[in-house]
J.: 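Have a look at this one before I ask anything.
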Amino acid sequence: MTDYVIADETDVMPRDGTIKLHGPAGYEGMRKAGRLAAEILDALVPMVRPGVTTAAIDDVVRQMTLDGGAVPATLGYRGYTHSCCISINHVVCHGIPSETRVLRDGDIVNIDVTPLLDGWHGDTSRMYLVGDVPLKAKRLVDVTYECLMIGIEQVKPGARLGDIGAAIQAHAERQRYGVVREFCGHGLGRLFHDAPEVIHAARAGTGPELKPGMFFTIEPMINLGKAGVKLLDDGWTAVTRDRSLSAQFEHSLGVTETGAEIFTLSPAGLHCPPYAA
Ligand code: MF3
Ligand code: CO
Ligand code: CO
């Protein structure tokens with residue numbers, strides 16, 4: 001049984017396993033937070049090139065977030081001390097920005113940002129290609145973006161949460177890619193991570209029913225090899241067990257009367273690589 005509650009848009013409600021249903025004030029808040037998040041990812045495009053450190057990218061994310069009147073929700077989150085996650089090649093997610101990691105020709109990079117603006121979280125990530133990237137890596141990136149968008153296509157009132165994961169899993173496994181099970185999309189709004197868990201490999205027709213006013217992310221992590229991941233000793237960095245490449249895209253969205261409103265669409269149209277003109 002899933003419990004749904006009408007969200008109080010003026011206050012932070014606890015994470016109690018219930019699914020919050022939002023109204024116009026929530027949509028307005030999420031549009032602004034989501035737009036800022038997407039603008040930050042847009043602005044990083046010219047910066048993601050060989051020679052730049054991931055710490056320098058993190059600095060720009062922090063400054064743009066603050067300039068936008070927001071704070072990075074990851075700063076101080078469960079002891080995390082950076083403004084974004086930067087996950088390169090076989091890093092699945094939660095890569096930690098570093099002064100010593102310099103981007104190199106051929107890297108595929110996920111940058112995940114979450115500005116908290118006026119109490120609302122805009123959570124989004126995209127892949128970036130550094131210099132000349134091998135075709136098989138580019139294909140992984142393209143298919144992962146397709147997985148995200150095919151997942152979003154399932155979102156409408158009356159559908160089930162499992163329909164999203166079923167569509168993503170089918171598309172990824174058709175290419176013999178592995179769908180990561182250890183990390184999920186999530187409800188969000190005034191909370192960064194809330195119910196429900198949005199799993200990216202699921203059975204159609206299972207899970208909670210989607211209702212107008214639900215806010216959540218979809219953020220599939222797709223591996224070129226097997227699905228397995230392991231956590232590095234830093235307690236954050238998740239990598240593929242078989243060291244194969246991994247890609248991820250993430251949008252924050254709301255369920256509408258007829259489908260989904262994506263809060264984190266790129267205003268510049270930079271949805272997936274190649275971004276260069
Ligand atoms: N942005 C990530 C997500 O999509 C969460 C990062 S939490 C951090 O849910 F602490 F690792 F930054
Ligand atoms: Co997320
Ligand atoms: Co994220």
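For ligands, and for the atoms within them, numbers begin at 1 and follow the listed sequence. Here, residue 1 is the first one in the sequence, and each next residue gets the next number.
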J.: Taking backbone and side chain together, does Asp112 place any N/O/S atom at a distance below 2.8 Å from the Co ion (ligand 3)?
T.: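 Yes, Asp112 qualifies, because one of its backbone or side-chain N, O or S atoms lies under 2.8 Å.
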J.: Nearest to atom 12 (F) of ligand 1, what protein heavy atom do you find, and at what distance?
T.: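 Result: Thr74 CG2, 3.0 Å.
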J.: With atoms numbered from 1 as shown, which atoms in ligand 1 lie under 4.0 angstrom from a non-hydrogen atom of His94?
T.: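 Checking each atom against His94, I get 5 (C), 6 (C), 11 (F).
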J.: Hey, does the Lys NZ or Arg CZ of Lys20 hover above the aromatic six-ring of Phe215, less than 6.0 Å from the centre and inside 45° of the axis?
T.: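 Verdict for Phe215: no cation-pi partner in Lys20.
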J.: Do Asp59 and Gln63 have side-chain atoms, one donor and one acceptor, less than 3.5 Å apart?
T.: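 Judged by distance alone, the side chains do not pair up.
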J.: Looking at Glu219, which atoms of ligand 1 are within less than 4.0 Å of one of its heavy atoms?
T.: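 Here the atoms of ligand 1 in question are 3 (C), 4 (O), 9 (O).
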J.: Distance under 4.0 Å to a non-hydrogen atom of Thr114: what atoms of ligand 1 satisfy this?
T.: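 Near Thr114, the atoms of ligand 1 are 1 (N).
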J.: Of all the atoms in ligand 1, which lie at a distance below 4.0 Å from a heavy atom belonging to Asp123?
T.: 1 (N), 3 (C), 4 (O), 9 (O)
J.: How many degrees, to 10°, between Glu250 OE2 and His186 NE2 as seen from the Co ion (ligand 2)?
T.: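 Value, to the nearest 10 degrees: 130°.
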J.: For the rings on Phe183 and His94, is their centre-to-centre separation under 6.0 Å?
T.: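 Phe183 vs His94: aromatic centres under 6.0 Å.
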J.: Would you call Asp142 and Lys138 a salt bridge, taking side-chain N to carboxylate O under 4.0 Å as the test?
T.: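 Salt bridge between Asp142 and Lys138, a charged N being under 4.0 Å from a carboxylate O: no.
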J.: With heavy atoms under 4.0 Å as the rule, classify the contact between His82 and ligand 1 as side chain, backbone, both or neither.
T.: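 The answer is neither; His82 stays 4.0 Å or more away.
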J.: Should you measure from each heavy atom of His193, which atoms of ligand 1 turn up under 4.0 Å away?
T.: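 Here the atoms of ligand 1 in question are 3 (C), 5 (C), 9 (O).
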J.: Pull out every atom of ligand 1 sitting under 4.0 Å from any heavy atom of Cys85, numbered as shown with elements.
T.: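 Going through ligand 1 atom by atom, the ones under 4.0 Å from Cys85 are 6 (C), 8 (C), 11 (F), 12 (F).
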J.: So, Glu9 and His22: side-chain donor and acceptor under 3.5 Å apart, yes or no?
T.: yes
J.: Under 3.5 Å, is there a donor-acceptor pair linking the side chains of Asn223 and Ser244?
T.: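 Note: Asn223 and Ser244 side chains miss the donor-acceptor criterion.
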J.: Give the name of the N/O/S atom in Glu219 that lies closest to the Co ion (ligand 2).
T.: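 Relative to the Co ion (ligand 2), the closest nitrogen, oxygen or sulfur of Glu219 carries the name OE2.
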J.: Could you tell me if the ring centre of His193 sits under 6.0 Å from that of Tyr77?
T.: yes
J.: Using heavy atoms and a 4.0 Å limit, tell me yes or no: is Arg78 in contact with ligand 1?
T.: no
J.: Within the 4.0 Å heavy-atom shell around His186, which atoms of ligand 1 are there?
T.: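 Once the distances to His186 are compared, the set is 3 (C), 4 (O), 9 (O).
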J.: Relative to each other, are the rings of Phe192 and His186 parallel, tilted or perpendicular (30° and 60° limits)?
T.: perpendicular
J.: Indicate, with yes or no, if the rings of His82 and Tyr80 have centres closer together than 6.0 Å.
T.: yes
J.: Ser266 and Asp42: side chain to side chain donor-acceptor pair (under 3.5 Å), yes or no, with the steps?
T.: CA-CA 7 Å; Ser266 165; Asp42 286 352; 2.7 Å; yes
J.: So, of the N/O/S atoms that Asp123 has, which is the nearest one to the Co ion (ligand 2)?
T.: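 Per the distance ranking, Asp123 contributes OD2 as its closest N/O/S atom to the Co ion (ligand 2).
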J.: Is a donor from one side chain sitting under 3.5 angstrom from an acceptor on the other, for Gln175 and Arg139?
T.: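 Judged by distance alone, the side chains do pair up.
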J.: Do any nitrogen or oxygen atoms of Asp112 lie less than 3.5 angstrom from nitrogen or oxygen atoms of ligand 1?
T.: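 Indeed, backbone or side chain, Asp112 has an N or O that close.
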J.: Would you say the Co ion (ligand 2) has His193 as a near neighbour, meaning an N/O/S atom of that residue under 2.8 Å away?
T.: no
J.: Within ligand 1, which atoms have a heavy atom of Phe192 less than 4.0 Å away?
T.: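 Reading through ligand 1 atom by atom, the close ones are 1 (N), 5 (C).
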